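One structure below.
Below, chains carry the letters A, B, ... as their sequence lines are ordered, and counting in each starts from 1. Note: hydrogens, waters and symmetry copies are ignored here, and every other heavy atom, side chains too, is used. For clarity, every value in this text was computed on a predicted model and none was experimentally measured.
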2 protein chains.
Amino acid sequence: MRLAQGIEWAIHACTLLAPLGREHGLSLTALAAFHGVAAPYMAKQMQLLSAAGIVRSSRGATGGYTLAKPPAEISLYDVVRAIEGPAPAFRCTEIRQRGPCARPRSECRLPCGIAAAFAAAEAAWRGHLAAISIEDIVAQLRTGASDMDLGAALGWLQSNATALPIRSGGGSMQDF
Amino acid sequence: MRLAQGIEWAIHACTLLAPLGREHGLSLTALAAFHGVAAPYMAKQMQLLSAAGIVRSSRGATGGYTLAKPPAEISLYDVVRAIEGPAPAFRCTEIRQRGPCARPRSECRLPCGIAAAFAAAEAAWRGHLAAISIEDIVAQLRTGASDMDLGAALGWLQSNATALPIRSGGGSMQDF
DNA sequence: TTAATACGGATATTTTTTATCTGAATTGAT
DNA sequence: ATCAATTCAGATAAAAAATATCCGTATTAA
């Protein structure tokens, strides 16, 4: 069992976009450079986030990505589902319908006990991730000393002129 | 995220071995035929169960597989760990140590907040599976009408002389 | 001794994941 | 209004992993 690598990148990207607010964003190039990953593959993750309504994309010369919702309304499970899709980890192949003692299909409407047990465990897993928001992760960054260095990040972002802002007009980065 | 297919087969095999008690067992051929799956691949799963101490294997002419512990002491998570190994689904690649704002390695002893959140969710998942035993699954079979047909299974097993018993001597299949 | 069985490693096949590329769309400046 | 620059997005290729299989060896009962 293994989660897609892109999930980690996607969550980090949301974490970086969150303090910028909905008026500012980052280009794909900036996101990839900041995280030290390949831009074309980072693009794929961002596209999935965009399709799921988690980020908004702007094309054109000053285009880039912006968070589409307040960080408090984006859970870790939202990101997981956007990247991985909704398929469950345990997939029942209906063994009970195979072999010499196969059950007829008509008697197999309900999921078997094994599949039900795994479904319950996965529901608990999803529940845990759904209870944690991007805002929670960012809050940890502000207090903890072992995660991303927000101060250094802000400096880098400001010196990276092409990165922001997406839309002209007011707004600042005081949210940091 | 996807669990290995062999987990489903392994759990079904344990479910079938459980009612036979520790004095009777099934050969690989019988297990594969009953479930309608390929014997060589089923062998791989059974070897993993054997290595994990969940089943006992007997070599030789009347060899086969027997449960190594009472069904109540074998949890679904035991089987998952035997097949999949102990690696967590979310694997932190330490993005915070990469890119232009990388944190020095010395400040990254503690797991980052994202990794910690996923670890907690996975612990809940494991906890759910660890709380369900093979005995629980078998108990469902006796009462529920939508899972394996235990009566038909018993008949097939008895007519399959090579399948059991592993060890001569007393014992019966009255456990059914 | 023979036949039947499990074990272990090595090998092919398929699927999934990862990574990359090319074209279409949008924006700002000329 | 047109052009050039920059971006997104879908499609495509490479790599990795999982799945499925085979074969030689060790073991046991008849």
Side-chain angles (χ1 to χ4, degrees), chain A residues 1-10 13 25-33 35-52 55-66 68 82-85 87 89-91 93 160-169, chain B residues 1-10 13 17 25-33 35-52 55-66 68 83-85 87 89-91 93 160-169:
Chain A
M1 186 173 61
R2 190 176 171 183
L3 281 168
Q5 201 74 61
I7 289 176
E8 186 185 9
W9 300 4
L26 289 171
S27 71
L28 174 69
T29 305
L31 280 169
H35 292 112
V37 300
Y41 193 52
M42 178 63 117
K44 185 154 192 157
Q45 320 307 325
M46 297 309 294
Q47 287 165 19
L48 289 169
L49 290 182
S50 176
V55 301
R56 266 178 57 81
S57 64
S58 300
R59 313 232 275 206
T62 60
Y65 290 100
T66 310
I83 305 293
E84 285 261 346
F90 181 87
R91 297 170 200 183
T93 60
N160 217 16
T162 70
L164 33 102
I166 275 197
R167 305 210 177 280
S168 58
Chain B
M1 186 173 59
R2 189 176 173 181
L3 282 168
Q5 201 74 63
I7 288 176
E8 186 185 10
W9 301 5
L17 290 175
L26 290 171
S27 72
L28 174 70
T29 306
L31 280 169
H35 293 112
V37 300
Y41 194 52
M42 178 62 116
K44 188 155 190 154
Q45 320 306 325
M46 296 311 293
Q47 286 169 19
L48 290 169
L49 290 183
S50 176
V55 302
R56 266 177 55 81
S57 63
S58 301
R59 311 230 279 205
T62 61
Y65 292 98
T66 310
I83 305 293
E84 285 260 349
F90 181 88
R91 298 170 200 183
T93 59
N160 218 18
T162 69
L164 36 100
I166 276 196
R167 305 209 178 279
S168 59

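Looking at the side chain of B:W9, the nearest of the listed nucleotides C:dT16, D:dA20, D:dT28 is D:dA20. Minimum atom distance to the side chain of A:S27 is reached by D:dT7, of the listed D:dT7, D:dA20, C:dA6. Side chain of B:A61, nearest nucleotide from D:dC8, D:dT28, C:dA6: D:dT28. Listed nucleotides C:dT15, D:dC8, C:dT18 differ in distance to A:Y65; the shortest reach to its side chain belongs to D:dC8.
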Exercise. Between B:T66 and B:V55, does a side-chain contact (heavy atoms from CB on, under 4.5 Å) hold up when you go through it step by step?
Worked result: CA-CA 5 Å; B:T66 310; B:V55 302; over 6 Å; no

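Atom pair B:E84:CD and D:dA18:P shows a separation of 8 Å (rounding to whole Å applied). Between B:I83 atom CD1 and D:dA17 atom P the separation is 19 Å, expressed in whole Å. Per the geometry, CZ belonging to B:R2 stands 16 Å off P belonging to C:dT14, to the nearest Å. Put simply, CE on A:M42 is 15 Å from P on D:dT7, counting in whole angstrom units. Atom CD of A:Q5 is separated from atom P of C:dT16 by 18 Å (rounded to the nearest Å). One atom, CG of B:L3, and another, P of D:dA17, lie 18 Å apart when rounded to the nearest Å. If you measure from atom CG of A:L28 to atom P of C:dT26, you get 18 Å, rounded to the nearest angstrom. Following rounding to the nearest Å, B:E8 (CD) and D:dT19 (P) show an atom-to-atom distance of 12 Å.
Under the rule for a side chain to side chain donor-acceptor pair (under 3.5 Å), A:Q47 has no partner lying at least two apart in sequence or in another chain. Considering only residues two or more places apart in sequence or on other chains, A:L28 meets the side chain to side chain contact (heavy atoms under 4.5 Å, CB included) condition with A:M42, A:A43, A:M46, A:Y65. Considering only residues two or more places apart in sequence or on other chains, A:R91 meets the side chain to side chain contact (heavy atoms under 4.5 Å, CB included) condition with A:A87, B:R2. With sequence neighbours left out, B:T93 forms a side chain to side chain donor-acceptor pair (under 3.5 Å) with A:E8. Annotation: side chain to side chain contact (heavy atoms under 4.5 Å, CB included) contacts of B:I83 (sequence neighbours excluded): B:A4, B:I7, B:A10, B:Q45, B:L48, B:L49, B:V79.
At the heavy-atom level, B:A43 lies nowhere under 4.0 Å from the strands shown.
A residue-by-residue look at B:G60 and A:R91 shows that B:G60 has its nearest nucleotide of DNA chain C further toward the 5' end.
Put simply, CH2 on B:W9 and NZ on B:K44 are 12.0 Å apart, with the number rounded to the nearest 0.5 Å.
Contact check of residues 44-51 of chain B against DNA chain C (heavy atom, cut-off under 4.0 Å) returns B:Q47, B:S50.
Look at A:Y41 and you won't find any side-chain N or O under 4.0 angstrom from OP1 or OP2 of C:dC21. A close approach under 4.0 Å does not occur between any side-chain nitrogen or oxygen of A:R59 and OP1 or OP2 of D:dT6.
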